[in-house]
Undergrad: 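Below is the structure I would like to discuss, written out as structure tokens.
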2 protein chains.
Amino acid sequence: MTAAKLNIVPFVSVDHMMQLVLQIGVERALTEMASYIEEDFQRWELFDKTPRVASHSHDGVIELMPTSDGTLYGFKYVNGHPKNMRSGLQTVTAFGVLADVGSGYPMLLTEMTLLTALRTAATSAVAAKYLAPENPKTMAIIGNGAQAEFQALAFSALMGVETVQLYDIDPAASQKCRYNLAGTGLEIKMCASGQEAVEGADIITTVTADKQYATILTDNMVGAGVHINAVGGDCPGKTELHKDILLRSDIFVEYTPQTRIEGEIQQLDESHPVTELWQVMTGQVQGRKSPEQITLFDSVGFAIEDFSALRYIRDKLAGTGLYEELDLLADPDEPRDLFGMLLRKQQQMADGQ
Amino acid sequence: MTAAKLNIVPFVSVDHMMQLVLQIGVERALTEMASYIEEDFQRWELFDKTPRVASHSHDGVIELMPTSDGTLYGFKYVNGHPKNMRSGLQTVTAFGVLADVGSGYPMLLTEMTLLTALRTAATSAVAAKYLAPENPKTMAIIGNGAQAEFQALAFSALMGVETVQLYDIDPAASQKCRYNLAGTGLEIKMCASGQEAVEGADIITTVTADKQYATILTDNMVGAGVHINAVGGDCPGKTELHKDILLRSDIFVEYTPQTRIEGEIQQLDESHPVTELWQVMTGQVQGRKSPEQITLFDSVGFAIEDFSALRYIRDKLAGTGLYEELDLLADPDEPRDLFGMLLRKQQQMADGQ
């Protein structure tokens with residue numbers, strides 16, 4: 001996959017990404033990607049970290065999420081526009097680039113809408129590995145949009161979850177989710193309320209999309225020992241959990257400076273203690289300490305997860321041919337002769353080549 | 001150019017960009033792009049502005065440069081790796097994206113190595129329009145690398161410069177530049193020193209590439225009334241002018257917070273007065289005040305210039321067919337059904353489609 005031609009950057013389209021993921025198998029892709037994420041979280045301190053660079057507007061946000069481990073550099077472009085759904089567009093679309101730090105040259109350009117869905121679910125499952133109660137069998141998923149099936153499969157593949165309890169304010173979303181998960185071996189329960197969905201659940205995933213302060217979970221719905229995987233809140237003004245739940249939970253985050261702005265904890269005081277997930281993964285801090293503890297992964301999505309996903313795709317892509325070659329980088333015969341490249345093109349055009 | 005298919009983003013390759021620019025004509029492209037830049041600088045206060053997001057490493061830097069006018073959003077990825085030239089790579093390569101703020105959807109992906117060369121030269125000429133002495137005929141260009149010819153043509157097209165005096169520590173670079181500019185009507189003088197190059201020049205452009213504190217111009221080389229267009233210094237630790245010249249000049253910058261970090265003025269106290277170019281363009285501050293004044297445009301390149309260049313290319317692209325259609329954005333039949341899209345692809349693959 002190393003391009004012989006210096007001007008070429010491999011590009012993975014949506015169609016190629018679907019083929020690649022299906023060739024690997026969705027559950028295997030989630031599992032393998034999770035191990036890349038775990039690996040990168042374990043070398044967390046090595047990374048160049050910054051809260052994402054957000055451009056907010058009335059209807060949504062466009063964000064750039066860069067990071068680097070000193071050898072590779074990755075960034076993702078991602079938008080979040082809740083109203084898009086009403087006009088047949090995706091709420092979230094994304095693409096990303098992996099580049100070589102030594103030369104600054106891009107090595108891979110890829111769609112990341114699908115890839116983000118996979119990495120978000122894989123990250124949730126990795127966090128649960130360290131935080132969820134032992135041997136969880138039942139998960140509630142509240143909010144049954146684009147992320148729901150990926151969550152179900154990730155928790156099935158990585159955590160052994162067997163039953164998924166679905167609830168959405170729009171029953172059609174839950175129906176879609178049940179339909180898509182048929183044949184995966186998961187037992188699906190359709191629920192008429194959030195309350196019903198969380199009953200008996202070891203893990204509660206909230207993944208709703210409205211850009212507003214919402215209360216998907218109230219305090220009385222959450223019993224002792226549960227792990228809450230709060231995925232849907234991911235920008236200022238967008239939260240899903242009642243503040244009282246946060247106060248009863250031990251809270252784990254990806255990157256504190258970003259989560260204080262975007263996560264559920266924007267409801268809390270700046271000084272409220274949180275633990276970064278990598279600290280648990282490296283053994284510096286204990287994750288779950290008791291069966292009664294409520295653990296909360298306040299997930300907003302961090303650049304390092306995208307970096308892991310980009311690394312994973314680069315590694316899996318080799319030999320598959322599932323990419324196009326983009327003529328993205330100017331490559332004059334002599335590096336300083338950019339203008340001469342233009343002149344030679346002019347000559348070629350005049351010669352009718 | 002509006003893609004009927006929601007998944008498609010038009011992509012302008014290096015080859016297509018060369019064809020587009022040659023179809024327009026390099027000098028006309030520079031002139032038209034300059035008017036886009038001027039237009040955007042005149043509505044400067046409307047833009048979302050941030051210093052570029054830089055990831056520095058031993059050998060160079062990778063930067064993201066986003067901005068938005070509230071309707072369109074643009075960003076550029078650009079690297080700067082001076083040592084690249086020694087391995088046959090470009091010091092600077094770039095690509096960029098224009099997106100719709102309302103939906104967050106990318107509208108255009110394009111190479112920007114060539115485009116950056118054009119916008120940098122166009123910006124220099126726009127600044128000179130407001131700052132250079134009247135009726136300039138002679139320009140010195142010190143540093144005859146990839147940017148030199150674009151500078152010469154921009155100042156010829158926009159300012160009426162007739163004579164260009166070239167100097168580079170590597171005579172081969174000046175030879176290349178002379179060769180490329182033959183037939184443009186410009187008189188080219190080859191110079192054996194920086195001192196010789198600046199003699200009689202109304203405008204002095206410095207555009208060298210080494211990542212170090214260099215002194216391309218010393219104080220005794222710069223006479224009264226000259227306009228200095230300092231293009232080469234563009235990151236911390238990289239400057240071209242002796243501090244004494246800065247102290248004798250009236251200094252104009254693009255975006256002060258970024259230039260304090262990256263420009264020539266990193267040599268000066270944080271409180272040293274500078275004027276932002278847009279203030280001159282909107283008539284808030286006078287540019288050149290007297291024939292004796294030394295004006296200095298401390299140019300580091302700002303996101304709004306790339307935004308203007310992206311807008312320009314989008315406008316010129318319509319009807320040319322000089323782009324490819326990239327399947328960059330996932331577009332499931334139902335926005336929430338990303339997983340279903342994957343399932344339908346699986347079915348297609350099973351059906352051997």
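Within every chain, numbering begins at 1; the chains are lettered A, B, ... in the order of the sequence lines, protein sequences first and strands thereafter. Values below: every heavy atom of this structure, side chains too, minus hydrogens, waters and symmetry copies. Model, not experiment: these values are computed from the prediction.
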Undergrad: Chain A: which of Leu114(B), Val53(B), Thr50(B), Leu326(B) shares the most heavy-atom pairs with it under 4.5 Å?
TA: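 Ranked by contacts with chain A, first place is Leu326(B).
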Undergrad: Do you know which two heavy atoms are closest between Asn84(B) and Gly102(A), and how far apart they sit?
TA: OD1-O, 4.2 Å
Undergrad: Name the member of Met112(B), Gln19(B), Glu334(B) that forms the most heavy-atom pairs with chain A at distances under 4.5 Å.
TA: Gln19(B)
Undergrad: Under a 4.5 Å cutoff for heavy-atom pairs, which residue among Glu149(B), Glu111(B), Lys83(B) has the most contacts with chain A?
TA: Glu149(B)
Undergrad: Of the listed residues (Thr113(A), Leu64(A), Asn144(A)), which shares the most heavy-atom pairs with chain B below a 4.5 Å separation?
TA: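 The answer is Leu64(A).
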Undergrad: Less than 4.5 Å to any heavy atom of chain A: does that hold for the side chain of Asp100(B), its backbone, both, or neither?
TA: backbone
Undergrad: Identify the heavy atoms of Pro106(A) and Tyr77(B) that sit nearest to each other, and give their distance.
TA: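 Scanning both residues completely, I find the closest heavy atoms to be CG-CE2, 3.9 Å.
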Undergrad: Below 4.5 Å from any heavy atom of chain B, which atoms of Val78(A) appear? Answer side chain, backbone, both or neither.
TA: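 For Val78(A), there is no contact with chain B at all, as no heavy atom is under 4.5 Å.
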Undergrad: Under 4.5 Å from any heavy atom of chain B, what part of Leu89(A) do you find: side chain, backbone, both or neither?
TA: both
Undergrad: Tell me the closest heavy-atom pair linking Asp331(B) and Gly88(A), and the distance in Å.
TA: OD1-O, 4.3 Å
Undergrad: Quick one: of Asp333(B), Asp337(B), Thr91(B), Leu343(B), who has the most non-hydrogen atom pairs under 4.5 Å with chain A?
TA: Asp337(B)
Undergrad: At a 4.5 Å cut-off on heavy atoms, which part of Asn180(B) comes close to chain A: side chain, backbone, both, or neither?
TA: both
Undergrad: Mind ranking Leu329(B), Asp15(B), Val12(B) by heavy-atom pairs under 4.5 Å with chain A and telling me who comes out on top?
TA: Asp15(B)
Undergrad: Between His81(B) and Val101(A), is there a donor-acceptor pair closer than 3.5 Å when you use the side chain of the first and the backbone of the second?
TA: yes
Undergrad: Is it the case that the side chain of Tyr105(A) and the backbone of Gln90(B) share a donor-acceptor pair, with hydrogens and angles ignored and the cut-off at 3.5 Å?
TA: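 Yes; at least one donor-acceptor contact below 3.5 Å.
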Undergrad: Among the options Asp48(B), Leu181(B), Leu342(B), pick out the one with the most heavy-atom pairs lying under 4.5 Å from chain A.
TA: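 Between Asp48(B), Leu181(B), Leu342(B), the count favours Leu342(B).
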Undergrad: Is Tyr73(A) close to chain B through its backbone or its side chain, or both, or neither, when contacts mean heavy atoms under 4.5 Å?
TA: side chain
Undergrad: First locate atom NZ of Lys345(B), then atom CE of Met17(A), and finally report the distance between them rounded to the nearest 0.5 Å.
TA: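 Interatomic distance, Lys345(B) NZ to Met17(A) CE, rounded to 0.5 Å: 13.5 Å.
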Undergrad: Is a side-chain N or O of Asn79(B) found less than 3.5 angstrom from the main chain of Ser103(A), in a donor-acceptor match?
TA: yes
Undergrad: Would you call the rings of Phe95(B) and Phe75(A) parallel, tilted or perpendicular, taking 30° and 60° as the class edges?
TA: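 Rings of Phe95(B) and Phe75(A): parallel, as their planes differ by under 30°.
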Undergrad: Is chain A contacted by the side chain of Leu328(B), its backbone, both, or neither, given a heavy-atom distance below 4.5 Å?
TA: both
Undergrad: Which atoms of Ser55(B) come close to chain A, meaning under 4.5 Å heavy atom to heavy atom: side chain ones, backbone ones, both, or neither?
TA: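 Both parts, backbone and side chain.
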Undergrad: Could you tell me which non-hydrogen atom of Ala330(A) sits nearest to which non-hydrogen atom of Val14(B), and how far apart they are?
TA: N-CG2, 3.4 Å
Undergrad: For residues Gly104(A) and Thr93(B), report the shortest heavy-atom separation together with the two atoms involved.
TA: O-OG1, 4.4 Å
Undergrad: Side chain, backbone, both or neither: which part of Ser68(A) has a non-hydrogen atom closer than 4.5 Å to chain B?
TA: side chain
Undergrad: Between chain B and each of Asn7(A), Leu153(A), Asp170(A), Thr110(A), count heavy-atom pairs under 4.5 Å; write down the option with the most.
TA: Asp170(A)
Undergrad: Under 4.5 Å heavy-atom distance to chain A, tell me which part of Val26(B) shows up: side chain, backbone, both or neither.
TA: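 Contact with chain A is through the side chain of Val26(B) alone.
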Undergrad: Which answer fits Met341(A), side chain, backbone, both or neither, if we ask what part of it has an atom under 4.5 Å from a heavy atom of chain B?
TA: both
Undergrad: Nearest 0.5 angstrom please: Met349(B) CE to Met18(A) CE, how far?
TA: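 Result: 9.5 Å between the selected atoms.
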Undergrad: Select, from Ala148(A), Ala117(A), Gly145(A), Cys177(A), the one with the greatest count of heavy-atom pairs under 4.5 Å involving chain B.
TA: Gly145(A)
Undergrad: Under 4.5 Å from any heavy atom of chain A, what part of Phe11(B) do you find: side chain, backbone, both or neither?
TA: side chain
Undergrad: Between atom NZ of Lys176(B) and atom CG of Leu338(A), what is the distance when rounded to the nearest 0.5 Å?
TA: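 Here the rounded value is 8.5 Å.
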Undergrad: So what's closer than 4.5 Å to chain B heavy atoms on Gln147(A): side chain, backbone, both or neither?
TA: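 Neither part, no heavy atoms under 4.5 Å.
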